[in-house]
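None of these values were measured; they are calculated from a predicted model.
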Amino acid sequence: FSGCQKLENVMFGETHFEGYSLGSMGNFVFQNCTSLKSITLPQGGSISPYNGSIFDGCVNLETLKVLEVSSSRATLVAKNNCILIQDADGTCEELLVGIKTSIIPEEVTTIGDYAFYNCDGLLSVDLTNIENVGAYAFYDCDGLVGGVSIKGDTYRGAYIGESAFEGCDNITSISSTLKVAINASAFKDCKNLQTSSSLKASAFIGNSAFENCVSLADFPTISFDNYTNSIGSSAFKNCTSLTTIILPTPEYGDYNIYSHAFEGCTNLTDVRLKDGLSEIGVEAFKNCSKLGAITLPESATIIDDGVFEGCSQLSTVTLSTQTKRINDRAFKDCSNLTNLTLPSSVVSIGESAFMGCQNLASINLPTNLTTIESYTFAYCTKLTSITINANIESIEDFAFSNCGSLVEVIIDSQSVATNNDYLEELLNEESVSKVYVLSTITETLGSRLTSNFTKQEISDKSGYDLWAINN
């Protein structure tokens, strides 16, 4: 019946078509029936899993009824303009379909998937007895205004489903009495959602759960009380009003922050991460431009691609003493980063990891590092000195490109002094005027320097020879 714009009333009888009753009703059956005011369903019928999408665009629908006849197969009950599922024992705990005039009965504890899907006329809803909200239950309900509070559950079974409130532009707060799991996109694009501090999240916050909630100023109270503890991909991406994040120590196992979780949180200034953090995903804090300091717990051993890229105010970073890898672009364009101590446990630093760190004045290369990748320190314009440790076997192209203040290079590596192709380009950068080389490998290097450099006597570095620019 989709698009039957003059259809006003529909009644399905209990028995028809040679004794058969209505078996099921598919999704979008009455979509955009803009004049439809009332519909009556048989008790023994069933509705597809898309539930409320059946009435998508039925802007004038005011009455939902179920034909009241005796039936051993009765599964649907109408109450307060809601269609409820009746269980075998006669209870009605799940609301299947609602409309703009629905008043949720007290016995209902679950709002079904798609129950109020795109119900623009719904202005308010009382969810204080509700433990579970199904997927897309209130999707794009633009008229829903103010705060939303649900009950949740003492245990970990309660949930707010995927995209349950996505696009509800006028919701201002969300809270729960007890714990509830927050699934993917649950509040995505709720642009006026301001507070969630009274929301008791359990175990995880799903992918894109609060993405683009630009007014959200506080963080849910989360309990890592499962073995699947996590902040999902893009969970708080572009939450530009969010200032503080506090994550707890997990009760069980560890926890993860997945890719892009807080990317674009441009007012984020305070991040507190407890031990048990196993993974920080790709670009998790990218472009958090007001974040000034971060301390990573001992359990965080890998800094993934672009995790802090574009954090232009980041000046202080404390890494785990067990850090193993700093991946590509990890701190790219952190223009306020002045110094960073890399623990000896680091075995790899990726391409462009510190590119554009314009205030980085010094850096220690860990003794277990074997390769300096392309562009790793490019455009670090205040870097004045670098030591190429004995274990470094290769320096890739443009590793130190445009480091205009780099004056001093100290070389302990036989392999680099002998075979590295990029070394000559590095030593002939205009700013480089002093090259200290272990005496045991100095002749090898000397043959690779231009005539501008001459070997000179020194007393400040025992065991080294100095090659300096001729005055």
Side-chain angles (χ1 to χ4, degrees), residues 41 43-55 64-66 73-119 122-139 141 144 146-166 168 171 173-187 190 196 198-206 209 220-223 225-226:
L41 300 171
Q43 279 187 327
S46 66
I47 298 176
S48 83
Y50 293 95
N51 305 335
S53 66
I54 291 170
F55 305 115
L64 291 178
K65 297 180 180 179
V66 170
R73 300 186 305 105
T75 57
L76 302 182
V77 173
K79 188 173 184 180
N80 300 349
N81 280 328
C82 302
I83 302 296
L84 312 179
I85 295 178
Q86 180 171 278
D87 296 328
D89 61 0
T91 59
C92 300
E93 295 183 350
E94 181 174 350
L95 185 153
L96 192 63
V97 180
I99 57 177
K100 65 181 181 180
T101 56
S102 296
I103 298 174
I104 299 174
E106 290 184 2
E107 63 265 35
V108 171
T109 60
T110 296
I111 305 296
D113 296 350
Y114 292 83
F116 292 88
Y117 180 87
N118 198 26
C119 188
L122 184 67
L123 302 181
S124 63
V125 63
D126 183 357
L127 301 177
T128 52
N129 291 323
I130 301 301
E131 296 176 5
N132 307 300
V133 180
Y136 295 88
F138 296 93
Y139 178 87
C141 290
L144 196 57
V148 172
S149 179
I150 74 168
K151 181 180 178 181
D153 195 350
T154 303
Y155 302 100
R156 294 189 288 270
Y159 60 85
I160 296 176
E162 179 180 353
S163 300
F165 294 92
E166 181 176 351
C168 293
I171 290 178
S173 67
I174 177 69
S175 63
S176 64
T177 306
L178 303 171
K179 291 180 181 179
V180 61
I182 313 299
N183 284 291
S185 302
F187 299 95
C190 293
S196 64
S198 296
L199 179 62
K200 296 176 175 62
S202 173
F204 67 90
I205 295 178
T221 302
I222 185 167
S223 299
D225 53 6
N226 207 326

Which residues pass the side chain to side chain donor-acceptor pair (under 3.5 Å) test with N118, sequence neighbours left out? D56

Check whether any side-chain heavy atom of E93 lies under 4.5 Å from a side-chain heavy atom of T110, and answer yes or no. no

Residue set satisfying salt bridge (charged side-chain N to carboxylate O under 4.0 Å, His left out) with K79, at least two apart, ordered chain then number -> E107

Going by heavy atoms in the side chains, are F138 and I111 under 4.5 Å from each other? yes

Do the side-chain N and O atoms of S175 and S149 include a donor-acceptor pair separated by under 3.5 angstrom? yes

Is the closest side-chain heavy-atom distance between I205 and P220 below 4.5 Å? yes

To the closest 0.5 Å, what do you measure between CG (N129) and OG1 (T177)? 9.0 Å

Taking side chain as C-beta onward, heavy atoms only, is F204 less than 4.5 Å from N183? yes

Within-4.5 Å side-chain heavy-atom neighbours: I85 and L96: yes

Where does the angle between the aromatic ring planes of Y139 and Y117 fall among parallel (under 30°), tilted (30 to 60°) and perpendicular (over 60°)? parallel

Interatomic spacing from CD1 in I182 to CZ in F187 - rounded to 0.5 Å: 5.5 Å

Those residues at least two apart in sequence (or on a different chain) that pass ring pair (Phe, Tyr, Trp, His ring centres under 6.0 Å) with Y159 are none

To the nearest 0.5 Å, atom CD of E106 lies from atom OG1 of T128 at 8.5 Å

